[in-house]
Amino acid sequence: MFTLDLPQRTPLEQPQFLPVSEQDLNDLGWNELDILLISGDAYVDHPSFGLPLLGRWLIAHGFRTGLIAQPDWKKTSSVTAMGRPRLFAGIGSGALDSMLAHYTAFRRRRHDDAFTPGGLTGARPDRAVTVYASLLRRAFPRLPLVAGGIEASLRRNTHYDFWSDSIHPSILMTADIDCVIFGMGERAILEIARRLDAVSELIGDLEACAAPPGDLWPDLWSGIRGTAVAVPAASAPQGETFLELPSHREILRDPQQLLTATLIAERETHQARRTLVQRCGDRAAIIFPPADPLTSEEMDQLYDLPFTRRAHPAYTERIPAEEMIRTSITSHRGCGGGCSFCSIALHQTRRIASRSAQSILKEAARITALPGGRSISDVGGPSANMWRASCAADPSKCVKTSCLFPKICPNFKTRQQDCINLLREIQNIEGIRSVRIASGIRFDLALCDPRAAEAYAGEFTGGQLKIAPEHCSPSVLRLMRKPDMHLFEQFLNEFRRYSEAKGKEQYVIPYLMSAFPGCTDADMQELSAWLAARHWSPKQVQCFIPTPGTVASAMFWCGMDPDGNKIFVARSDDQRRHQHDLLLHPSADRHRDAPHKLGNAPRRTPKSRGRRAAYAGKNHFS
């Protein structure tokens, strides 16, 4: 275990923007950086953008931190403008997984990117974490490299990769990095910075260290919660506090082992008790328990940092994502839902970390000075009405996969009236004209308090409210871990009644999903009929995309539900598009002789998989 003293550093004065050039360093009077951050997103100085947020957090704790956004991954000069950082470089693909940002549910190249100036695609590479790591290795040999964000986080152990239709090992095995930070990274990145700072003080320049930083295991990287590292398989730890996952080889041989490993990883993410070990050839991934959520006081400190909430002035074209979130406020993190297809609970955990009302009100008051700041577009998190929710049980002993399914756990305490009172207090701030909940709400929680449901509909919906029933078939909803449809119908009736009472013409915008594992054509026809009976004609339906690390993705790969029962999976693009069209084009011929009638499509052989290379890029692995 690492034993050097980790002294606290004096906080640095926060710059208007994080330095992005040598001139910025000179203006700040910094002769070098301690930490360099590389982002796949354009630089928007807003707390919804992860790396700018972490950069300010590190500066607040005394580390000189700079940011390079969307570097040219073909040129080392694109990351050397501010010189070699003293401690390490941090890598993130951006707010989205780079493959999800680039490709549709049918593996077609997207035409735009909301996190890039001008909304243009192509400013970041496919599999950005891996490519950026290679770029940094060429630019700064033997510099410690740490990857984080959603792309690295959900690839920390063996996972299914939809874009190459194959099983990939942990990103620690395929990207030239020393450590992965998973989940929300404030605690882990600060611990890494302090440890490397202590080593640097002890031995001088880290580059002159006798061994590469990755070989300093176990002293340097050991035991940092919320991180994963790779070690020689022969030295993989064992004991009661360690739990071995099915190995990469076992998962390759038996697809059901991926589901087993994914369910274990999901459980341990919530219980936060044991370190996971997964072997891959002669190496092993060591995945420490997740970091504890920030306290309310720490959340306040983080979000009270002086974000400008706008794009760096060097940009000449608008960044669509900036406009979408400019006047949004994050009130909390975490989600108790545990939906099987969603990565939020895997990334932020099911434990809710909430800011204080005072901190949120201060941020709302600051927003009024911004263009368009009279309208607060959103106050929420993964959903708006989980602020201040808490669990009365001991998470380390909880065996539930969801706090809300099959019904709301009695230990999961929500405070719907507190949420409403907070929104009303924001509404009463001088200069604020309207407050909305663009992130949507959990309708099952809203129904627990009729007064809150009335307020959400009558006071804080601006014509449209986003709700995620996802489907209507009981069997599909069970696999999704979503509430029964009768609750959604009850909410629709209440929403209509409350809107009419306020004299407002308002609509619910339902999120719907096609081609979910276990969803048959008959299930999609049932959903189509349900919509038709209500005269709803959806213009946009999400076809299920298996993203790394989720239970639903493992179900998609192995064709089984978590109980080990075989399920139908629309695997081929023909099958998936047919289900999709059953909602978008319900009058289409449903009786044509198509592959969807032949059962599960087989997995592609390595030869046929090569035909997808144009979509999946060159950095996929068999």
Problem set entry | Steps toward side-chain contact (heavy atoms from CB on, under 4.5 Å) verdict (Arg155, His168) | CA-CA 9 Å; Arg155 287 172 165 80; His168 286 204; 5.9 Å; no
For this session: Considering only NZ, NE, NH1 and NH2 on the basic side and carboxylate oxygens on the acidic side, decide whether Glu298 and Arg187 come within less than 4.0 Å.
Result: yes
For this session: With side-chain contact (heavy atoms from CB on, under 4.5 Å) as the test, would you mind laying out the steps for Arg156 and Ile171 before giving the verdict?
Result: CA-CA 6 Å; Arg156 61 188 181 266; Ile171 196 170; 5.7 Å; no
Exercise. What do the steps show when you test Glu186 against Arg225 for salt bridge (charged side-chain N to carboxylate O under 4.0 Å, His left out), and what is the final call?
Worked result: CA-CA 11 Å; Glu186 291 85 10; Arg225 295 181 72 98; over 6 Å; no
Exercise. Of the non-hydrogen atoms in Thr80 and Ala139, which two are nearest, and what is the gap between them?
Worked result: CG2-CB, 3.8 Å
For this session: Side-chain contact test, heavy atoms from C-beta onward, threshold under 4.5 Å: evaluate it for Ile352 versus Arg333 and give yes or no.
Result: no
For this session: Taking Arg355 for its side chain and Thr330 for its backbone only, find out whether a donor-acceptor pair lies under 3.5 Å.
Result: yes
Seminar exercise, completed: Closest heavy-atom pair, Gly92 versus Leu51, reported as atoms and distance to 0.1 Å, is N-CD1, 3.9 Å
Exercise. Which heavy atom in Leu135 sits nearest to a heavy atom in Lys75, and how many Å separate them?
Worked result: CD1-O, 3.4 Å
Exercise. Could you give the distance from CZ (Phe288) to OG (Ser222), rounded to the nearest 0.5 Å?
Worked result: 4.5 Å
For this session: Cation-pi check, Arg110 to Tyr103: give yes when NZ or CZ is under 6.0 Å from the six-membered ring centre and within 45° of the ring axis, no otherwise.
Result: no
For this session: Evaluate the criterion side chain to side chain donor-acceptor pair (under 3.5 Å) for residue pair Ser553 and Thr550; output intermediate values, then yes/no.
Result: CA-CA 5 Å; Ser553 296; Thr550 66; 2.8 Å; yes
For this session: Quick one: do Ile251 and His248 satisfy side-chain contact (heavy atoms from CB on, under 4.5 Å)? Show the steps, please.
Result: CA-CA 5 Å; Ile251 291 172; His248 181 69; 5.6 Å; no
For this session: Tell me, yes or no, whether the heavy-atom count around Glu32 atom CD, taken from other residues, nucleotides or ligands under 6.0 Å, exceeds 12.
Result: yes
For this session: Over all heavy atoms of both residues, which pair between Leu154 and Pro548 is shortest? Give the atoms and the distance, please.
Result: CB-O, 3.3 Å
For this session: Compute whether any side-chain donor of one residue and acceptor of the other, for Ser396 and Gln271, lie under 3.5 angstrom apart.
Result: no
For this session: Please determine if Arg84 forms a cation-pi arrangement with Phe140, meaning its NZ or CZ atom is less than 6.0 Å from the six-membered ring centre and no more than 45° off the ring axis.
Result: no
Exercise. With distance as the sole test, does Arg351 use its side chain to make a donor-acceptor pair with the main-chain N or O of Cys335 at under 3.5 Å?
Worked result: no
Problem set entry | Residue pair Asp165, Arg107: steps toward the salt bridge (charged side-chain N to carboxylate O under 4.0 Å, His left out) verdict | CA-CA 11 Å; Asp165 195 20; Arg107 302 180 181 91; 5.0 Å; no
Problem set entry | Heavy-atom pair of closest approach, residues His347 and Ser153 | ND1-OG, 3.1 Å
Exercise. Taking atom types as modelled and ignoring hydrogens, do the side chains of Ser572 and Arg576 form a donor-acceptor contact shorter than 3.5 angstrom?
Worked result: no
For this session: State whether the side chain of His159 and the backbone N or O of Asn157 hold a donor-acceptor pair below 3.5 Å, judged by distance alone.
Result: yes
For this session: Flag the pair Arg124 and Asp72 as a salt bridge only when some basic side-chain nitrogen lies within less than 4.0 angstrom of an acidic carboxylate oxygen.
Result: no
For this session: Kindly confirm or rule out a cation-pi arrangement of Arg274 over Phe242, judged by NZ or CZ under 6.0 Å from the six-membered ring centre and within 45° of its axis?
Result: no
Seminar exercise, completed: CD of Glu297 to CG of Leu302, rounded to nearest 0.5 Å, is 13.5 Å
For this session: Starting at OG of Ser170, measure out to CZ of Arg279 and round the result to the nearest 0.5 Å.
Result: 14.5 Å
Problem set entry | Leu145 backbone acceptor or donor facing Asp178 side chain under 3.5 Å | yes
Residues 61-69 side chain polar contacts: donor-acceptor under 3.5 Å, at least two apart:
residue: His61; atom: ND1; partner: Trp57; partner atom: O; Å: 2.8
residue: Arg64; atom: NE; partner: Asp34; partner atom: OD2; Å: 3.2
residue: Arg64; atom: NH1; partner: Asn31; partner atom: OD1; Å: 2.9
residue: Arg64; atom: NH2; partner: Asp34; partner atom: OD1; Å: 2.9
residue: Thr65; atom: OG1; partner: Phe63; partner atom: O; Å: 3.0

Exercise. Would you find a donor on one side and an acceptor on the other, under 3.5 Å apart, between the side chain of Ser98 and the backbone of Ala128?
Worked result: yes
For this session: Check the side chains of Gln23 and Asp27 for a donor-acceptor pair under 3.5 angstrom, ignoring hydrogens and angles.
Result: yes
Exercise. So, do Leu245 and Thr260 sit near enough that their side-chain heavy atoms are less than 4.5 Å apart?
Worked result: no
For this session: Dump the intermediate steps for side-chain contact (heavy atoms from CB on, under 4.5 Å) on Ile181 and Ile192, then the final yes or no.
Result: CA-CA 10 Å; Ile181 293 176; Ile192 290 169; 3.9 Å; yes
For this session: State, with a plain yes or no, whether a side-chain heavy atom of Ile91 is found less than 4.5 Å away from one of Val146.
Result: no
Problem set entry | Side-chain heavy-atom pair Ile38, Leu136 within 4.5 angstrom cut-off | yes
For this session: Kindly indicate whether the side chain of Trp557, heavy atoms from C-beta on, has any atom under 4.5 Å from the side chain of Pro546.
Result: no
Exercise. Hey, does the side chain of Arg195 reach the backbone of Leu220 with a donor-acceptor pair shorter than 3.5 angstrom?
Worked result: yes
Problem set entry | Expected output: side-chain Glu151 to main-chain Asp97 donor-acceptor under 3.5 Å | no
Seminar exercise, completed: CG of Asp292 to CE of Met184, rounded to nearest 0.5 Å, is 14.5 Å
For this session: Check step by step if ring-ring contact (aromatic ring centres under 6.0 Å, His included) holds for Phe49 and Phe115.
Result: CA-CA 10 Å; Phe49 284 67; Phe115 296 88; 5.7 Å; yes
For this session: Output yes when a side-chain donor or acceptor of Glu250 lies under 3.5 Å from a complementary backbone atom of Ser247, and no otherwise.
Result: yes
Exercise. Does any donor atom in the side chain of Thr158 or Gln278 lie under 3.5 Å from an acceptor atom in the other side chain?
Worked result: yes
For this session: Look at the side chain of Tyr43 and the backbone N and O of Phe17, then say whether any donor-acceptor pair between them is shorter than 3.5 Å.
Result: no
Exercise. With a 4.0 Å cut-off, would you call Arg249 and Asp282 a salt bridge?
Worked result: no
Exercise. Any luck finding a side-chain donor-acceptor pair between Thr308 and His312 under 3.5 Å?
Worked result: no
Seminar exercise, completed: dist Arg127:CZ -> Trp163:CH2 (nearest 0.5 Å) comes out at 7.5 Å
Exercise. At what distance, to the nearest 0.5 angstrom, does CD of Glu322 lie from CG of Asp45?
Worked result: 10.0 Å
For this session: Check whether any side-chain heavy atom of Pro19 sits under 4.5 Å from a side-chain heavy atom of Trp30, and report yes or no.
Result: yes
Exercise. What are the two closest heavy atoms between Ala353 and Leu294, and how far apart are they?
Worked result: CB-O, 3.6 Å
Problem set entry | Distance-only donor-acceptor check, side chains Thr116 and Gln70, under 3.5 Å | yes
For this session: Not counting sequence neighbours, which residues clear salt bridge (charged side-chain N to carboxylate O under 4.0 Å, His left out) with Arg310? List them please.
Result: none
Exercise. So, for Tyr160 and Phe556, is the gap between ring centers shorter than 6.0 Å?
Worked result: yes
For this session: Report the residue from Leu196, Asp197, Leu33 that forms a side chain to side chain contact (heavy atoms under 4.5 Å, CB included) with Arg86.
Result: Asp197
